[in-house]
Amino acid sequence: MAEYNPYENMLLILERAAGLLGLNKNDYRTLKYPERILQVSIPIEMDDGSVRVFEGYRIQHSSVRGPCKGGIRYHQDVDMNEVKALAAWMSFKCAVVNIPYGGAKGGIKVDPRKLTKKELERMTRRYTASIMPIIGPQEDILAPDVNTTPEIMGWVMDTYSMVKGVNVPGVVTGKPLEIGGSLGRVQATGRGVRIVTREIIKYLGLSPKQLTVSIQGMGNVGGTAARLLYKEGFKIVAVADITGGIRADAGLDIPAIQAYMEQGGALGSYEAPGVVKLENSDILTTQCDILIPATMENQLTAENANDVKAKIIIEAANGPTAVEADEIFNEKGIIVVPDILANAGGVVVSYFEWVQNINGQIWDLNKVNSSLEKIMVRSFNEVLGMKEKNDTTLRVGAYMLAIERLVAAKKIRGFFP
Ligand code: GLU
């Protein structure tokens, strides 16, 4: 099997959606190429005095609909193709939810668990300085992604502001509240996942009480989704993270598990009556109605897709489903709510944070959450409308909606020079 390339994955769906829209190849050709790729080497003096050099990227896919926007990820598997795909997905995501942004992504190839906090801070500051020429509140706005926290966003904001000689909170979102972060931003992606889950089951005529859920990943996104879905009455039967997985047919006590994890407990070692251990890879194929992958790309593949028991998959992660798996799900009638819709809650509230920063406002939580709700429900219905009108999947419907908006903007703007 050829090595998985998320960018190729993205191009296949782009072609399919553009074909269904009846677009001329010239209309969407630019979407196949990122506008700008910046690769940087980040030298860090480690605490022991040794020097290491990390590989970093900032890739801007499209600025046609507004400033580029997207997170930065710290992970040992980061490479150029991954960041290119993640940047393109951001352009499509922002277009699906119709916020005035293009798409970008950044990353550093590093396992941050192996750095001390001081090393992490130095790496973040040096990375920010290295990509400084192409970022800014009207150029390209950073945010959290895998393994990057509000604290790290604070270092980005401080580094940018110090070099500019003026406070620039709008260069990065997902900041701590004390320096211009938004209420509700930390929970926003998980909240969006909850909203689309509710909308899809409403559409299918189901009720939360009948439905069992399995969640891969109990970080910020998976953990928030677990908490909110539990509250809404869904039965969360299985959860897993890198420390292992657990399952309880009668339903897991999510608040108790999260309290245990907050005390430093490893999820995989959690014990309670009725709770059994689950192999990490089994989280995706365990018996459930709704599966929520909330970790990384390429989790659902040609190898395991036939073993998936869920009827509905909500993609809280970016790119968790390979194209081959998507085809298997489609044939089997498994409904996939795609990443560029399902996990868009994060960037929507990032947009609210940026609006607050630029206008010197502070919104209350109610305003943030009700505005998020409105955008997620509207976007869900627009994607659903596309899917039904064209008799296709929600994923292709979402891409069609995004591409239509991107192509329309490009047509109006024209070419320079
Ligand atoms: N990293 C998140 C995503 O993939 C959030 C991006 C943002 O808020 O800009 O959607």
Side-chain angles (χ1 to χ4, degrees), residues 6 10 57-63 65-75 78 82-97 99-108 131 135-150 152-153 156-157 169-176 180-193 195-196 217 219-222 224-225 293-297 314-320 337-357 368 371-372 375-376 379 398 402:
M10 182 285 288
Y57 298 92
R58 185 68 186 174
I59 300 187
Q60 298 171 343
H61 173 261
S62 171
S63 60
R65 300 183 73 254
C68 296
K69 181 81 187 88
I72 52 173
R73 122 175 351 190
Y74 294 171
H75 195 275
V78 162
E82 181 192 46
V83 184
K84 267 170 77 180
L86 288 162
W89 289 330
M90 285 310 301
S91 304
F92 299 142
K93 195 183 298 185
C94 293
V96 164
V97 291
I99 56 177
Y101 283 145
K105 202 78 166 203
I108 302 178
I131 64 170
I135 62 171
Q138 298 301 335
E139 293 85 7
D140 182 356
I141 304 130
L142 278 53
D145 195 74
V146 173
N147 293 334
T148 48
T149 57
I152 292 175
M153 301 308 116
V156 170
M157 181 271 195
V171 69
V172 55
T173 57
K175 299 178 291 296
S182 177
L183 288 166
R185 174 61 186 87
V186 171
Q187 301 80 11
T189 312
R191 186 170 287 276
V193 167
I195 296 169
V196 298
N220 175 33
V221 177
T224 304
T295 60
M296 302 281 285
E297 308 88 67
I314 313 277
E315 293 185 332
N318 288 311
V337 183
D339 48 5
I340 58 171
L341 170 66
N343 70 31
V347 74
V348 169
V349 176
S350 276
Y351 167 58
F352 299 157
E353 181 174 329
W354 178 77
V355 168
Q356 292 171 74
N357 292 158
V368 171
S371 306
L372 171 64
I375 291 184
M376 292 304 295
S379 308

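Just follow the structure's listing: the first ligand is 1, and inside any ligand the first atom is 1. None of these values were measured; they are calculated from a predicted model.
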Residues Met296, Glu82; criterion side chain to side chain contact (heavy atoms under 4.5 Å, CB included); working and verdict: CA-CA 11 Å; Met296 302 281 285; Glu82 181 192 46; 4.0 Å; yes
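A side-chain donor-acceptor contact under 3.5 Å links Ser350 and Arg185.
By the 4.0 Å N-to-carboxylate-O rule, Arg58 lies too far from Glu139 to be salt-bridged with it.
Put simply, the side chain of Asn343 does not reach to within 4.5 Å of the side chain of Val221, judged on heavy atoms.
Looking at Arg65, its side chain does come within 3.5 Å of a backbone N or O of Ile99 through a donor-acceptor pair. In this structure, Asp339 contributes its side chain and Glu315 its backbone to no donor-acceptor pair below 3.5 Å.
Closer than 4.0 angstrom to ligand 1 sit non-hydrogen atoms from Lys69, Gly70, Gly71, Met90, Lys93, Lys105, Ala143, Pro144, Asp145, Arg185, Asn318, Gly346, Val347, Ser350.
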